[in-house]
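Below: the structure, in structure tokens.
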Amino acid sequence: MFKWLHPYAKPETVYRLCGRFYPWLMLSGVALLALGNIWGLAFTPPDYQQGDSYRIIHIHVPSAIMSMGTYSAMAIAAFIALVWQVKVAQWSVTAIAPIGAVYTAIALITGMAWGKPMWGTWWVWDARLTSELILLFLYLGVIALSGAFSDRQTGAKAASLLAVIGVINLPVIHFSVEWWNTLHQGASITKFAKPSIDPSMLWPLLISILAFKVLMLALVCLRLRTAILQNEQHRPWVKALVEE
């Protein structure tokens with residue numbers, strides 16, 4: 001059923017595809033990030049309740065969304081690695097995990113900075129914050145497991161298994177503000193009806209979210225290329241690449 005995907009599972013093919021897309025993704029991501037943040041930080045009006053402190057959403061919201069989106073991508077790669085034993089998917093798990101961990105850390109740090117003036121404290125054991133912290137621990141667990149065994153294959157399988165199991169935390173993060181009484185505000189831009197945010201604030205935020213996504217793809221391409229070279233260094237095509 002997925003025979004058309006088989007050529008794209010070859011390490012050499014993936015390496016060359018990532019090399020082709022990486023410069024464009026990185027340039028686009030940096031440009032979008034600059035546009036979204038300059039627009040959002042300098043030109044949008046202050047919020048009627050939160051004043052200028054709300055502007056941190058242009059970093060906090062995209063990083064929080066991408067912390068979950070990146071984990072979803074990692075879990076899909078882990079599932080493919082476990083079920084179909086695709087080597088590139090296995091390497092993708094370890095390539096993606098540090099990127100997701102950084103996004104999660106940014107989301108937590110900016111959330112704390114936002115919470116201090118809004119809630120009067122840096123941290124509360126709020127359902128959304130706690131489940132996001134668990135997400136960071138899951139990323140760190142995947143990173144740790146991938147290098148915890150002398151047999152690299154065993155470590156990769158253990159990391160992939162944890163990545164798949166950890167998916168259960170994603171709906172908890174997303175729906176925590178609806179399932180429990182939390183301090184964290186509800187959804188602002190993911191409502192099916194009308195987003196509860198003014199268009200002058202919404203558009204730069206959407207651009208910033210897109211920027212974080214494109215940058216994630218660029219960084220995955222970069223890290224996956226490195227992982228392929230490390231794992232395929234004995235292959236003739238890698239030796240030929242080094243000699244060029």
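Hydrogens, waters and symmetry mates play no part in the numbers below; they use all other heavy atoms, side chains included.
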Over all atoms of both residues, closest heavy-atom pair of Gly111 and His60: N-ND1, 3.3 Å
State, yes or no, whether a side-chain contact exists between Ile228 and Val238 at a heavy-atom distance under 4.5 Å. no
So how far is it from Leu162 CG to Ser146 OG, rounded to the nearest 0.5 Å? 10.5 Å
Is there a side chain to side chain contact (heavy atoms under 4.5 Å, CB included) between Lys239 and Gln233? Walk through the geometry before answering. CA-CA 7 Å; Lys239 293 179 180 179; Gln233 55 185 303; over 6 Å; no
Return the set of residues passing side-chain contact (heavy atoms from CB on, under 4.5 Å) with Val164 (not counting sequence neighbours), or none when no residue passes. Ala78, Phe79, Leu82
List in chain and number order the residues that pass side chain to side chain donor-acceptor pair (under 3.5 Å) with Thr154, two or more places apart in sequence or in another chain; answer none if no residue qualifies. Asp151
Quick check: is Leu138 connected to Trp125 through a chain of hydrophobic side chains (ILVMFWY, heavy atoms under 4.5 Å apart)? yes
Any pair counted as ring pair (Phe, Tyr, Trp, His ring centres under 6.0 Å), so long as it reaches residues 207-240, sequence neighbours left out: Tyr15-Trp237, Tyr103-Phe212
Leu145 versus Leu161: any side-chain heavy-atom pair under 4.5 Å? no
Could you tell me which non-hydrogen atom of Ser131 sits nearest to which non-hydrogen atom of Ala127, and how far apart they are? OG-O, 2.7 Å
Which pairs pass ring pair (Phe, Tyr, Trp, His ring centres under 6.0 Å) with one or both residues in residues 144-172, sequence neighbours excluded? none
Applying side-chain contact (heavy atoms from CB on, under 4.5 Å), name anything that partners Asn37, two or more places apart in sequence or on another chain. Leu33, Leu41, His58, Ile59, Ser208
If we ignore hydrogens and angles and just use 3.5 Å, is the side chain of Thr226 paired with the main-chain N or O of Leu222 as donor and acceptor? yes
Establish whether Ile106 and Phe137 are linked, either directly or via other cluster members, by ILVMFWY side-chain heavy-atom contacts under 4.5 Å. yes
Interatomic spacing from CD in Glu132 to CG in Asp126 - rounded to 0.5 Å: 11.5 Å
Hydrophobic cluster identity match, Val214 and Leu17, side-chain contacts under 4.5 Å: yes
Distance (rounded to the nearest 0.5 Å) between Lys213 NZ and Ile65 CD1: 10.5 Å
Taking ring-ring contact (aromatic ring centres under 6.0 Å, His included) as the definition, give me every residue that meets it alongside Trp122, ordered by chain and number, with sequence neighbours left out. none
Which is it for Met74 and Val142 under the side chain to side chain contact (heavy atoms under 4.5 Å, CB included) test, yes or no, and what are the steps along the way? CA-CA 10 Å; Met74 183 180 70; Val142 170; 4.0 Å; yes
Do Tyr139 and Ile99 come close enough that some side-chain heavy atom pair is under 4.5 Å? no
Taken in chain and number order and not counting sequence neighbours, the residues that satisfy salt bridge (charged side-chain N to carboxylate O under 4.0 Å, His left out) with Arg225 are none
Taking all non-hydrogen atoms of both residues into account, name the closest pair between Ser160 and Val93 and its distance. OG-CG2, 4.0 Å
Once salt bridge (charged side-chain N to carboxylate O under 4.0 Å, His left out) is applied, do any residues pair with Lys87, and if so which ones, sequence neighbours excluded? Glu232
Verify same cluster id: Phe43, Leu202 (apolar side-chain graph, 4.5 Å): yes
Does the side chain of Val220 come within less than 4.5 Å of Met216's, by heavy atoms? yes
Sequence neighbours excluded, which residues qualify as side chain to side chain donor-acceptor pair (under 3.5 Å) partners of Glu12? Arg16
Partners passing side-chain contact (heavy atoms from CB on, under 4.5 Å) against Ile207 (at least two apart in sequence or in another chain): Leu32, Leu35, Trp39
Met68 meets the side-chain contact (heavy atoms from CB on, under 4.5 Å) criterion, sequence neighbours left out, with Leu135, Leu170, Ile173
If you round to the nearest 0.5 Å, how far is OG1 of Thr130 from CG of Asn169? 10.5 Å
Does Thr94 offer a backbone N or O that forms a donor-acceptor pair with the side chain of Arg223 under 3.5 Å? yes
To check you understand the geometry: which heavy-atom pair defines the closest contact between Ala77 and Ser92, and what is its length? CB-CB, 4.0 Å
Quick one: does Arg55's side chain have a donor or acceptor within less than 3.5 Å of a partner on Thr44's backbone? yes
Any idea which heavy atoms bring Ala101 and Leu136 closest together, and the distance? O-CD1, 3.6 Å
Listing, residues 21-31 side-chain donor-acceptor contacts under 3.5 Å, not counting sequence neighbours, or none:
residue, atom, partner, partner atom, Å
Ser28, OG, Trp24, O, 2.7

Thr70 side chain to Ser67 main-chain N or O, any donor-acceptor pair under 3.5 Å? no
Mind checking the CD1-OG1 spacing from Ile134 to Thr104? Nearest 0.5 Å is all I need. 12.5 Å
Taking all atoms of both residues into account, what is the closest heavy-atom pair of Ile57 and Trp114, and its distance? CG2-CH2, 3.1 Å
